[in-house]
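Structure first, commentary second.
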Amino acid sequence: VSEPDSTIFIKQYGCRQVQVVPNGVDEQYFAPIASTVQSGSMVFTGSMDWRPNPDGVNYFIEEVFPLIRQRVTDATFTVVGRKPPQWLIGLAAATDGVTVTGTVDDVRPYIARSALYAVPLRVGGGSRLKILEALAMEKIVLSTSVGAEGLAVEEGKTALLRDTPKELAETACQVLTDPARFQQLGKKGRDLIMQQYTWDAITKTMAALWERARG
C-alpha cells in the first residue's frame, strides 16, 4: 500500500512487477463535522492491540506531553481505541490531562472536537488509515515521519512532521495556542484526500492493474 512496501518486495524478495495501491478512506463518512473544538485538546485514535499504537502513545505521554503541559497547562490528550492494555489505563489514570476511552461507537466526535490530531508512532509499516481519516475531517495532523510514512503528505502543507520529543512538543504548543495559524493545513489535507485517497480514486488504480494483469 506504499512505496516503502514496494521497495521491500523488490529488493528483498526479488519481485519484478510491483504496483502500489494505496489505502483509502470513505470521504463521505469521515467528513468535516460542525463541532466546538475544545481548547488545548489532542487526540489519538487506533486499535490498541496493534503494538505500534500503544508504543507511540506511551512515548507521547511519557516524553512529549509533560513538555506540552509546561506551556499549555490545560492541554489534554485523549486516546481512543479498542483493547487498551491495563498498563496504559493505569498510566493515563496517573497522568493529569490524559484519558483512555477504550472502544467507542464512533471515533468521529472525538476527532472533530480535538484541536490537534497526534500520530507519535515510532514503528510500523504500510500507511496509517488514521491520518487519512483525520485529514478527511480537515483536522490539523502532527505526526512523526514514521507515522506518516507511505502517504503523500507534505510537511507544512498538509501535515506537520516532527521526530523528537522537543520538536513534537514545540509544534503542538504552537498549534494549541494559535490554531487559526494552521487551519489551512486541514483544508489542504482534505483536498489531498479528494485527489488521491478516496475509494473511487483507488478503485480506478486497482481496475487498471487487473486489466494489465488480464492482458
Side-chain angles (χ1 to χ4, degrees), residues 1-13 18 20-25 30 42-68 75 77-85 87-88 91-92 98 100 107 110-111 114-137 139-176 182 185-186 188-190 192-193 196-197 202:
V1 297
S2 70
E3 291 296 341
D5 286 347
S6 69
T7 299
I8 290 173
F9 277 93
I10 293 169
K11 290 186 176 180
Q12 295 190 20
Y13 300 103
V18 180
V20 174
V21 181
N23 276 318
V25 64
F30 288 98
M42 297 173 287
V43 69
F44 173 93
T45 63
S47 301
M48 301 311 293
D49 53 356
W50 185 58
R51 188 167 61 179
N53 282 342
D55 172 80
V57 166
N58 179 67
Y59 165 65
F60 192 82
I61 294 173
E62 294 275 22
E63 300 190 37
V64 182
F65 191 62
L67 300 178
I68 296 172
F77 181 49
T78 302
V79 181
V80 182
R82 70 187 183 198
K83 296 183 179 179
W87 63 261
L88 180 58
L91 177 61
V98 176
V100 173
V107 301
Y110 294 88
I111 299 173
S114 67
L116 178 63
Y117 190 94
V119 189
L121 298 188
R122 301 189 292 180
V123 293
S127 63
R128 254 53 62 192
L129 289 170
K130 57 175 63 64
I131 290 182
L132 299 181
E133 293 167 355
L135 292 180
M137 294 183 68
K139 302 308 294 186
I140 302 168
V141 173
L142 171 62
S143 176
T144 57
S145 297
V146 169
E149 190 175 74
L151 297 174
V153 296
E154 294 184 67
E155 152 59 24
K157 293 185 178 180
T158 50
L160 300 166
L161 306 179
R162 305 290 185 269
D163 287 314
T164 69
K166 183 177 180 180
E167 291 170 345
L168 286 164
E170 174 66 26
T171 301
C173 288
Q174 291 173 0
V175 174
L176 296 180
F182 299 92
L185 285 177
K188 291 181 179 178
R190 173 78 180 180
L192 174 65
I193 295 300
Q196 297 188 37
Y197 292 105
I202 291 165

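We count residues from 1, following the sequence as given.
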For the residue pair [X] and [Y], what are the closest heavy atoms and their distance?
X    : Y    : result
P120 : Y59  : O-CD2, 3.6 Å
A152 : L192 : O-CD2, 3.6 Å
F30  : R190 : O-NH1, 3.2 Å
P66  : F60  : CD-O, 4.3 Å
M42  : S114 : C-CB, 4.5 Å
M48  : P84  : CB-CA, 3.5 Å

Is there a side-chain contact between [X] and [Y], using heavy atoms and a 4.5 Å cut-off?
X    : Y    : value
L116 : F182 : no
S143 : I131 : yes
L168 : T144 : yes
I202 : V21  : yes
I61  : L88  : yes

Point to revise | Identified side chain to side chain contact (heavy atoms under 4.5 Å, CB included) partner of I140 from the options L160, T171, L176 | key: L160
Check your understanding: What residues, two or more places apart in sequence or in another chain, satisfy side-chain hydrogen bond (donor to acceptor under 3.5 Å, both in side chains) together with T45?
Key -> Y117
Check your understanding: Residues in side-chain hydrogen bond (donor to acceptor under 3.5 Å, both in side chains) with R122, at least two apart?
Key -> D55
Exercise for review: List the steps, then state whether side-chain contact (heavy atoms from CB on, under 4.5 Å) holds for N58 with W87.
Suggested key: CA-CA 10 Å; N58 179 67; W87 63 261; 3.6 Å; yes
